[in-house]
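In this chain, numbering begins with 1 at the start of the sequence shown. Hydrogens, waters and symmetry mates play no part in the numbers below; they use all other heavy atoms, side chains included.
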Amino acid sequence: METPRTVVVGQVARDLVLVVPQVPEAGSSARVEQRREMLGGKGANIAVAAAQLGATVAVIGAVGSDATAEWLIGQAAASGVDTRHVSRRPDTSTALIVDVVTPDAHWRYLEDIPDATLVTEADITAAKSTLASARSVIIQLQQPTETTLAAAKHASAARIVLDGLPTSDKMIAAADVLRADQHEGEQLTGTTLDTVDKAVTAGRDLLRRGPSLVALATSDANVFVWADGQAVFPLGDTTVRDTTGGGDALVAALTVGLDHGLHPHDAAKMAVTASARTVDHVGGRPDLDPREIWPR
């Protein structure tokens with residue numbers, strides 16, 4: 001089996017998407033117009049997106065002992081993801097995310113994520129040789145702090161990409177790339193990221209704390225900042241059906257682009273293109289055509 005060069009540490013879950021005309025009020029109901037069930041969770045979504053873009057990728061995650069777990073692992077494997085480091089937890093249900101989507105593309109999540117399905121330090125230790133040989137390790141930060149720090153330690157030779165809200169200065173200092181959505185970025189920086197200028201300033205402040213590239217979001221743009229440059233990509237005219245998974249595709253494509261030696265601007269452009277190709281359908285599972293994503 002080929003050694004994975006991109007490793008994702010993060011959530012593997014069953015994603016149930018329900019498209020409804022409106023969210024019912026108390027004491028009423030709404031007809032489900034579309035229902036989809038698929039492999040989901042931010043870790044799995046990132047891994048699938050990276051595989052679709054040509055990366056040799058593995059995911060470190062955890063599932064339960066139910067029939068759903070085997071189905072999800074099979075879906076990941078069929079998508080080209082190495083699942084040898086997905087742990088099965090006995091007497092535990094696999095994480096479930098219900099994504100309720102309305103016509104205005106606003107989502108509401110119902111999440112059942114058992115503590116046992118979080119990645120542990122023991123999971124990281126079991127995968128240490130895979131982490132040590134990786135080119136890039138993407139750490140999805142909805143995992144315990146000790147887990148994320150252990151992953152960064154074992155992947156010290158790799159590019160460390162953080163996706164989400166770091167919980168410690170030590171984690172930020174370990175990062176080479178840091179990506180946060182608007183809410184996460186505001187929590188992290190203590191700044192309201194309602195303009196591009198504020199996002200650029202916040203990004204440069206974060207660069208001084210360790211990363212070499214920072215990607216932040218505002219309500220109408222994605223902002224990328226690195227030592228000697230920056231790039232701003234206003235949200236385009238893509239018809240947004242569901243924003244779920246847009247950030248996952250972005251961080252996957254950004255990482256794959258950097259791994260192939262693209263300039264940060266070109267990798268960023270690739271990232272926002274991948275994100276746009278993901279929010280145009282319901283559900284967070286990416287469906288990326290490399291011919292549309294790779295810069296020409």
Might you work through the side-chain contact (heavy atoms from CB on, under 4.5 Å) test for R135 and T6, ending with a clear yes or no? CA-CA 6 Å; R135 177 181 293 138; T6 303; 5.9 Å; no

Given F224, which partner from the list V214, V232, V272 fulfils the side-chain contact (heavy atoms from CB on, under 4.5 Å) test? V272

Indicate, with yes or no, if V101 and V32 share a hydrophobic cluster defined by side-chain heavy-atom contacts under 4.5 Å among Ile, Leu, Val, Met, Phe, Trp and Tyr. no

If hydrophobic clusters are built by linking Ile, Leu, Val, Met, Phe, Trp and Tyr wherever their side-chain heavy atoms come under 4.5 Å apart, do I139 and L118 end up in the same one? no

Pairwise side-chain contact, V177 with T255, heavy-atom cut-off 4.5 Å (strictly under): no

Side-chain heavy-atom pair L206, R209 within 4.5 angstrom cut-off: yes

Would you say the side-chain atoms of D176 pair up with the backbone N or O of I160, donor to acceptor, closer than 3.5 Å? yes

Quick one, L131 and I60 - any side-chain contact, counting heavy atoms below 4.5 Å? yes

With respect to Y109, which candidate in D99, V98, V100 satisfies the side-chain contact (heavy atoms from CB on, under 4.5 Å) definition? D99

Within a strict 4.5 Å, meaning less than it, do heavy atoms of the P144 and T120 side chains meet? no

With a cut-off of 6.0 Å (strictly less than), are more than 12 heavy atoms of other residues, nucleotides or ligands near CD of E25? no

Nearest atoms (heavy-atom pairs only) where G247 meets R179: CA-NH2, 3.5 Å

Do R277 and D287 have side-chain heavy atoms sitting under 4.5 Å apart? no

So, taking the atom named NZ in K153 and the one named CD in E121, what distance separates them when rounded to the nearest 0.5 Å? 9.0 Å

Which atoms form the tightest heavy-atom contact between V119 and G10, and what is the distance? CG2-O, 4.1 Å

Is there a continuous path of hydrophobic side-chain contacts, each under 4.5 Å between heavy atoms, that joins W71 to V86? yes

Is the backbone N or O of Q11 less than 3.5 Å from a side-chain atom of Q140, with the two atoms forming a donor-acceptor pair by type? yes

Using 4.0 Å as the upper bound for N to carboxylate O, is an ion pair formed by D123 and R89? yes

Heavy-atom nearest pair, A202 first then L216, reads CB-CD1, 4.0 Å

Are V81 and L53 connected, step by step, through hydrophobic side chains (Ile, Leu, Val, Met, Phe, Trp, Tyr) whose heavy atoms are closer than 4.5 Å? no

Apply side-chain contact (heavy atoms from CB on, under 4.5 Å) to the pair D15 and E37, showing each step before the final yes or no. CA-CA 6 Å; D15 191 2; E37 294 187 54; over 6 Å; no

Which residue pairs satisfy the side chain to side chain donor-acceptor pair (under 3.5 Å) criterion with at least one member in residues 257-269, sequence neighbours excluded? S136-D259, R159-D259

Heavy-atom donor-acceptor pair, Q187 side chain to L165 backbone, under 3.5 Å: no

With distance as the sole test, does T218 use its side chain to make a donor-acceptor pair with the main-chain N or O of D220 at under 3.5 Å? yes

State whether the side chain of T94 and the backbone N or O of G64 hold a donor-acceptor pair below 3.5 Å, judged by distance alone. yes

Flag, side chain of T189 to backbone of G185, donor-acceptor distance under 3.5 Å: yes

More than 12 non-hydrogen atoms from neighbouring residues, nucleotides or ligands closer than 6.0 Å to CG on D115, yes or no? no

Say whether, by atom type as modelled, one donor and one acceptor occur between the side chain of T148 and the main chain of T145 under 3.5 angstrom. yes

Any T125 side-chain heavy atom under 4.5 Å of H154 side chain: yes

Excluding sequence neighbours, so at least two apart, what forms side-chain contact (heavy atoms from CB on, under 4.5 Å) with D228? W226

Linking I/L/V/M/F/W/Y whenever any side-chain heavy atoms sit under 4.5 Å apart, do I293 and F233 land together? no

Would you say that D248 contacts D163 through its side chain, given a criterion of any heavy-atom pair below 4.5 Å between the two side chains? yes

L207 side, atom CG; I172 side, atom CD1 - distance, nearest 0.5 Å: 11.5 Å

I need the minimum non-hydrogen distance between V256 and A55, along with the two atoms involved. CG2-CB, 4.0 Å

What is the distance from atom CG of L96 to atom CG of L110, rounded to the nearest 0.5 Å? 8.5 Å

Give, for atom CD1 of I124 and atom CD of Q143, the distance between the pair rounded to the nearest 0.5 Å. 8.5 Å

Please evaluate residues L213 and L254 with respect to the criterion side-chain contact (heavy atoms from CB on, under 4.5 Å), reporting the C-alpha separation (whole Å), side-chain torsions for both, the decisive distance (0.1 Å), and the verdict. CA-CA 10 Å; L213 190 154; L254 179 64; 4.1 Å; yes

So, taking the atom named CE in M38 and the one named CG in L16, what distance separates them when rounded to the nearest 0.5 Å? 8.5 Å

Between the main-chain N or O of V19 and the side-chain N or O of Q34, is there a donor-acceptor pair closer than 3.5 Å? no

Rounded at 0.5 Å granularity, tell me how far CZ in R14 sits from CG in L39. 12.5 Å

Without swapping roles, check the side chain of T102 against the backbone of Q22 for a donor-acceptor pair under 3.5 Å. no

Between V223 and Q230, does a side-chain contact (heavy atoms from CB on, under 4.5 Å) hold up when you go through it step by step? CA-CA 7 Å; V223 177; Q230 64 190 54; 5.9 Å; no

Minimum heavy-atom separation for A49 to L288, with atom names? CB-CD1, 3.9 Å

Please report the C-alpha distance between S79 and R285 in whole Å, then the side-chain angles of each, then the deciding distance to 0.1 Å, and finally whether the side chain to side chain donor-acceptor pair (under 3.5 Å) criterion is met. CA-CA 11 Å; S79 299; R285 180 179 171 82; 2.6 Å; yes

Closest contact, heavy atoms only, S93 versus D66: CA-OD2, 3.7 Å

Does a side-chain heavy-atom distance below 4.5 Å link I73 with R88? yes

Under a 3.5 Å distance rule, please check whether T273 uses its side chain to pair with a backbone N or O of A271 as donor and acceptor. no

